[in-house]
Every structure is written in structure tokens, then in C-alpha cells.
Amino acid sequence: MKRYTFTSLFFLGIVIGVFFNSCNHNVTNDPISSLVIKKIDSLHIYYDIASSSSKAEEKRLEAISNFLQGTRKLKIDSLRHKGLSLYAKLLNKYKGPEKAMDQSYLLLQLAQQNQDSIYIGKAYYRLGFYNKKLDNYLEAFGYYNQSFKIYRNLKDSINAGKSLMNMSNIQRRLGDHNACKTTATDGLKYVENSDQYKTIYGLYQNISLAFKELGNYNQALLWNNKIMGVIKDSTARKEIGISNLPIFKNTRANILAKQKKYRESIDILQSLLKDKNVIKKQTRYAQILSNLGHIKFLQNPKNVESETMLLEAFSIRQQEKSIFGLFASNIHLTKYYRNKDLGKAKYHAREAYQSLKDFGDYEALLEVLTLITELDPNSLEDHKRFKEASLKLMQLRKKTREIYAPTRFENENLLKENAEKNRKISEVRNENTIYLLGMLLLITGIGFIIYFFKQQMHHLNQQNKIIQFEASYETETRISKQLHDELGNDIFQVMMQYQSDPHDPHIKDKLNTTYLKARDISRENNEFETGETYPEELNNMLKNYTQNGIQLIAIGFDRIDWDEMDKTIKITVYRVLQELMTNMQKHSQANLVKLRFSNANDTLTINYSDNGVGVTEEHVQSKNGLRNTENRIRAIQGTLIFDSEKGKGFKAEIQIPN
């Protein structure tokens, strides 16, 4: 009993006050103190039993129920907060996250009534955790965002960083890699200088994976190096657990494979297969074995080992009933059989789709539907599913961004306020002479950089001016020709018709047709936003062409980090794609257009293809609009390659260094 006395005395003052206000009969202080201490001691015995992982499920649940019942009778809300938090964790462990959420809602309501910010933050965090387990990503993201704001205001940087890590995890699961990278970077500001290694590694890992998915493999490897560097510290390695180290090494192997450094990647994976921690966990062993088989296939598609490894990993995952593992195996097998056995490739692609279609993992669904539409391009049903999954994913990404955007704005304002305070303190502490010397050095350095940059850019500017002038001239010529050939002739005919018969009912129809032509010319040359809303502007422009039965499939559009692109590149991409889509609509007779976006090795690549009538090489060279697109691309040091034959559709590949 003595071991509970110190904790009991902590709450004694609160309880005595409650009894004075709630009891109607007169008693002396000594009997009350003795009674309260005994009851609090009993409650803590129950709490310790419920907290002990060595106790049976029934004992733990019975103990926490008795603890909560006692806190209600004594009206000690601070202890009840503590009990509800533990009860939710136990229910999650034994009954599932749905039951745990009920207690977390009660905890939130009680904490809000008592204005207990610490437990409000805990309740929001637990609600985020349980919703995420149920794949309710949007709800989970909202609760984590609320917990972050509470912890930020409490200046609890550790829990603020944990909340942001979980938010970035959800954004990664939704395939919103730019937002994931941003949120994870924000999280590092709160924990990077702490000893919270698990959170730090989690944020590093999210940033590394985001860069990998965005095609920036050098940055992905840099952030993975940060993890591998800190892991050398024994304290850090102990905190994250030896069993988790293969996760980061596996990530490193995948990044190296993306860089086509297959030998290094294979060496890492082969060493992991000998790791006792990997062998002991069959799901992890199957993951690494499947990755090894896939990377060996990438290195040499004709090797005889890959199929054996992929099928062995597939069999292990079937035995372990690992849903997400089976999905990954089916994807690897689809890619392996794609050019070897079309029937098997289609089978595994369909199996991958069936395994995840009801889980709401739209990023994974898009990956497999991309493969399915490539294997069976004439399946309109699969194209429809692709569009539906893509739309749903875009909606979820948009909503998560809308949730975090105001919070991030508040963060920036707080950072600005803190920076301003620090600046004023710094001004008081520093001598004016040091400040002026620093400014002088800064101005000198900037002047030197500007001079060097101008010298370097002078030659390129001379060349680009000629190319830009040609592009502008051809654009003006094209607009002038459209106004003359299309609008001028139409207006002249209407005038002649009006002179002949002013009451002719067809005059109104012809004027309306002329107006529509004028509007189209205006739309083709109007201004557009190049800031944060640029992706939406570009997407809307492309969708304007999906009329009259034309279907557009855009792959990889959301994986491009448009915010990092130069304004000139954005304008060029917009105008070139607009010209290609206009050319398709007017001349190609196509009903299916596919755009594939990628950004690897600091080069933006856009592949355009349609199933129209195609054109000859001579016709391509004679088209002013297509020549104009070439000039635009050349002006920013890019390349544009056309590939088309009569009756075989039209293809173009755009490459722009960024």
C-alpha cells in the first residue's frame, strides 16, 4: 500500500474540495482524508492491473472498468481522463478500433468540458490512429491535424512532430507525394534536434519515399543516407529496434534500382535475406525476396532466377494471408509475364485488382489499373474504373490539402512572429558595426554572383532571343490567319446576306457560329495562372477537349512537382499541350488520347499518343502550329519528337530539363 501513497496525496486536495461541495452531512477532516486515500489507493491498484501486459484480457478489462467506475463516484475527472485513454487502447487491442473510438469520443467530450488541452490532444490523436486503422484516411487526417494544433499551441514539439508524421503517412498512402514531402518537412522542424529517433526516422523515410515516387532519386538517396548515418548510433538503433532496420535498407535497394544501379541493389537485398530478423518474420522475408526477383528481372529479363523467387514470395504471402503483400507480388508477376505470357500477366493483374478493390487504397488501384489498361487497351470498363479511381483519389488529396492548408498558414504566421522577436533581440545584442560589415559582405557577394551569372547567361540569351522571336512571330501569324480565314470570311458572308435579305432567319445562326469561333480563338490564347493553381488550370484545359466522345487518360500527372517548375516551363507545357490537343480535335478523328508524365533525372518527360488517323512526316513539317510547338520547346533547351504514320495514330515525346 505504501507505494501508492505519494500518487494518492497528489489528488487529495482536489478530492477534499469535491467532498465539501457535494456532501450534505457534517464530518471531520480526518475521516474524509483517510477514506479518500484508501479509495484512491484502490483505484491505482486497478489501474496497474489494467496496464500490465502480463495479465489476461478479462482481468485487464475488468480492472479498467472498476477504475473508471471509481473515478465517476469520486468525481475525479483527471483520473477519469487517464482511465478512458487506457480503456481505448485495451479495446483496440482486444475488441478492435471501432470499440476503441467510442471511448476516445467520450474522452474528447470530457476533456473539452474540463478544458484539459493535454487530453484533448490525446483524444484527437487516438481518433486519428483508430480511423487510420479502419482505412478512413480523410477522417484520420482531420483528427491528426486537430491534435497537431493542440500540441503546437501547448509547445509540445514531440507530439506535434508525431502528428505531422502520421499526416504525411496518410498523404503518402493517397499518393500525394508533394504534400507528403511538405508535411514531413514541417514535422522535422519540431523534432529534428530531439532524441525522438522513431519519429525522426519516420519523417526521413516519408521524405525519401516521396522523392523516389516523384522521380528525384538523388534526393531520395540523400534522405535515406540521413537515416543510415544516424542508425550507426547505438542509442538510436536500440530505440527504433533492430527488426526495423531492414525496412530502410530495402528502401535504399529500391532507390538504387530506380537509378539502374542493379548490382548494388541486389547486394543489399541478398544480404537482407540472410538476416536472422528477416528470416524470422516471413512477411518481411517474402517482401525482400519478391523485390530481389523483380530487380534481377529488371537487370536481365532473360534470367532464370526471377520467376522462381517471385513465385516463392507469392506462395509465402498466400500462406500468411498478407493482402497487401499479395497485391505487391501480383504486380511483380504481372510485370514479369507482360512480354512473356500475356495470359498469366492478365491473370495476376486481375488478381491484384480483386485483392484491393474494396479497401479504398486508390493509389494502389491506379497502379494496377494502369497495367490492366496497357495489357487490355480496348477494355472501356477498365478505362472507366481508372477514371473513377483517379477522380476519387484527386478528391481525397484535395480535401486533405484543404484541411492542412489553414493550419500551415497559422504555422507560418507563428514562425514569422517568432522570427521577428528573435530579430529584435538580435538587434539589441549585436553591434551596428558587425551588422554593417555583414551587409557590405553580402552586397559584395551578391554583386559578384550577379556579374558571374550575367556573363554565363549572355550567350544563351542571344540564342534564345532568336528562337523566342520565331515562336512569337509564328503565334501571331497563326492568330492573324485564323482571324482572316475563319472570322473574316464568315463576317463578309453575313454582311452580303444581310444586304440581300435583312430578314433572313439564317443570319442569326451564322452570327452565333462566328461568335463561337471567336471565343475558341480567344480561349486558345488566353492567360492562365502559373502559381499554386497551375495543375488545376492545366487539368481543366485538357478536360475541355474531352467532348464528343473523346476519352483522355493522364498517367503520372499528380506525381509531378509543379510547384518546383520554372514559370517559363509551365507556360511552355501548357501551350504545347494545348496545340497538340487542338490539332487532335480538328484533324485526327481520335476518340482516345493518352498522356504520360514523368520527372526523372531532372528532366520532365511528357509522352502524347492518340488513336487517330495519323499524318505523314511531310504534313507534320508543313503544319505551322506544330512547328510553333517545336520553337517553344527549343527556346527552353528542350526537345520535341513527333512519331506518326498515316492511319497509325499520332505520337509525340516532349523532354524539358528542369
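For clarity, every value in this text was computed on a predicted model and none was experimentally measured.
Not a single donor-acceptor pair under 3.5 Å links the side chain of Ser85 to the backbone N or O of Lys82. Judged by distance alone, with hydrogens and angles left aside, the side-chain atoms of Arg397 form a donor-acceptor pair with the main-chain N or O of Leu174 at under 3.5 Å. Counting only distance, with no hydrogens or angles, the side chain of Ser290 and the backbone of Ala286 share no donor-acceptor pair below 3.5 Å. The closest donor-acceptor contact from the side chain of Ser208 to the backbone of Tyr204 lies at 3.5 Å or more, if one exists at all. One N or O on the side chain of Asp566 and one on the backbone of Thr568 form a donor-acceptor pair closer than 3.5 Å. Between the side chain of Ser52 and the backbone N or O of Asp48, no donor-acceptor pair lies under 3.5 Å. Distance alone, capped at 3.5 Å, is enough to place a donor-acceptor pair between the Asn114 side chain and the Leu110 backbone. Judged by distance alone, the side chain of Ser265 and the main-chain N or O of Tyr262 form no donor-acceptor pair under 3.5 Å. A donor-acceptor distance shorter than 3.5 angstrom exists from the side chain of Asn225 to the backbone of Leu221, with no hydrogens or angles considered.
Within a 6.0 Å radius of CD1 in Ile118, other residues, nucleotides and ligands contribute 12 heavy atoms or fewer. In this structure, Glu532 places its CD atom where only 12 or fewer heavy-atom neighbours from other residues, nucleotides or ligands lie under 6.0 Å away. Within 6.0 Å of NZ in Lys149 there are more than 12 heavy atoms belonging to other residues, nucleotides or ligands.
In this structure Gln115 satisfies the side chain to side chain contact (heavy atoms under 4.5 Å, CB included) test with no other residue, sequence neighbours excluded. For Tyr47, the ring-ring contact (aromatic ring centres under 6.0 Å, His included) partners at least two apart in sequence or on another chain are Phe67. The ring-ring contact (aromatic ring centres under 6.0 Å, His included) search around Phe324 returns Phe359, not counting sequence neighbours. When the ring-ring contact (aromatic ring centres under 6.0 Å, His included) test is applied to Phe557, the partners found at least two apart in sequence or on another chain are Trp562, Phe597. For Glu536, the side chain to side chain contact (heavy atoms under 4.5 Å, CB included) partners two or more places apart in sequence, or in a different chain, are Asn540. Here Lys133 pairs with Asn92, Pro97, Phe129 under the side chain to side chain contact (heavy atoms under 4.5 Å, CB included) rule; sequence neighbours left out.
Taking every heavy atom of both residues into account, Arg60 and Ser53 meet most closely at NH1-CA, 3.6 Å. For Ile569 against Pro657, the heavy-atom pair with the smallest separation is CD1-O, 3.7 Å. The minimum heavy-atom distance between Phe248 and Met228, with the atom names listed, is CB-SD, 4.1 Å. Nearest approach of Tyr94 to Lys55, heavy atoms of both residues: OH-O, 4.5 Å. Nearest heavy atom pair, residue Met394 against residue Asp558, reads CG-OD2, 3.7 Å. Closest approach of Tyr144 and Met167 over heavy atoms only: CB-CG, 3.5 Å.
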Inset, instruction - Go through Lys226 and Ile200 one step at a time and tell me if the side-chain contact (heavy atoms from CB on, under 4.5 Å) criterion holds. - result: CA-CA 10 Å; Lys226 286 178 179 283; Ile200 294 170; over 6 Å; no

Inset, instruction - Might you work through the side-chain contact (heavy atoms from CB on, under 4.5 Å) test for Leu298 and His294, ending with a clear yes or no? - result: CA-CA 6 Å; Leu298 294 177; His294 178 63; 3.7 Å; yes

Inset, instruction - Report the C-alpha separation of Glu363 and Arg173 in whole Å, then their side-chain angles, then the decisive distance to 0.1 Å, and conclude whether the side-chain contact (heavy atoms from CB on, under 4.5 Å) test is met. - result: CA-CA 7 Å; Glu363 173 74 3; Arg173 178 60 66 88; over 6 Å; no

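Summarising the geometry, atom CD1 belonging to Ile207 is positioned 8.0 Å from atom OG belonging to Ser168; distances are rounded to the nearest 0.5 Å. Note: Tyr137 OH to Leu393 CG = 11.0 Å, rounded to the nearest 0.5 Å. Taking SG of Cys180 as the start and CE of Met165 as the end, the distance is 11.5 Å to the nearest 0.5 Å. With values rounded to the nearest 0.5 angstrom, Ile247 atom CD1 is found 7.5 Å from Gln205 atom CD. Summarising the geometry, atom CG belonging to Leu164 is positioned 9.5 Å from atom CD belonging to Gln171; distances are rounded to the nearest 0.5 Å. Annotation: the span from Ser355 atom OG to Ile331 atom CD1 amounts to 8.0 Å, rounded to 0.5 Å.
The only member of Asn291, Leu289, Leu256 that meets side chain to side chain contact (heavy atoms under 4.5 Å, CB included) when paired with Leu269 is Asn291.
The side-chain heavy atoms of Leu138 and Asn131, taken from C-beta on, include no pair separated by under 4.5 Å. Proximity of Asp156 to Ile158: side-chain heavy atoms (C-beta onward) are separated by under 4.5 Å at one or more points. A heavy-atom distance below 4.5 Å is found between the side chains of Arg401 and Asn178. The side-chain heavy atoms of Arg317 and Gln287, taken from C-beta on, include a pair separated by under 4.5 Å. Considering only heavy atoms from C-beta on, Asn153 stays 4.5 Å or farther from Ser117 through its side chain. Looking at heavy atoms from C-beta onward, Leu79 lies in side-chain contact with His44 at the 4.5 angstrom threshold. A heavy-atom distance below 4.5 Å is not found between the side chains of Asn254 and Lys258. Between Val368 and Phe327 there is a side-chain heavy-atom pair separated by less than 4.5 Å.
Glu213 has a carboxylate O that lies under 4.0 Å from a charged side-chain N of Arg559, or vice versa, which qualifies the two as a salt bridge. Taking 4.0 Å as the cut-off between side-chain N and carboxylate O, Asp186 and Lys189 count as a salt-bridged pair. Using a cut-off of 4.0 Å between Lys/Arg side-chain N and Asp/Glu carboxylate O, Asp561 and Lys181 are scored as salt-bridged.
Checking Thr605 against Thr603 by side-chain atom types alone, no donor-acceptor pair falls below 3.5 Å. Of the N and O atoms on the side chains of Arg126 and Tyr143, not one donor lies less than 3.5 Å from an acceptor on the other residue. For the residue pair Ser163 and Ser147, a side-chain donor N or O sits within less than 3.5 Å of a side-chain acceptor on the partner. Between the side chains of Asp195 and Tyr197, no donor-acceptor pair is found at a separation under 3.5 Å. At a cut-off of 3.5 Å, with distance as the only test, a side-chain donor of Asn166 or Tyr125 sits close to an acceptor on the other residue. In this structure, a donor-acceptor pair under 3.5 Å is present between the side chains of Asn658 and Asn599. Under the 3.5 Å distance criterion, with hydrogens and angles disregarded, no donor-acceptor pair is assigned to the side chains of Thr251 and Asn224. With hydrogens and angles left out, the side-chain atoms of Tyr190 and Gln196 include no donor and acceptor closer than 3.5 Å. Side chain to side chain, Asn218 and Gln259 meet the donor-acceptor criterion of an N or O pair below 3.5 Å.
Relative to the ring axis of Tyr534, Lys570 places its NZ or CZ within 45° and under 6.0 Å from the centre.
Taking the six-membered ring where tryptophan is involved, the planes of Tyr119 and His81 are tilted, since the angle between them lies from 30° to 60°.
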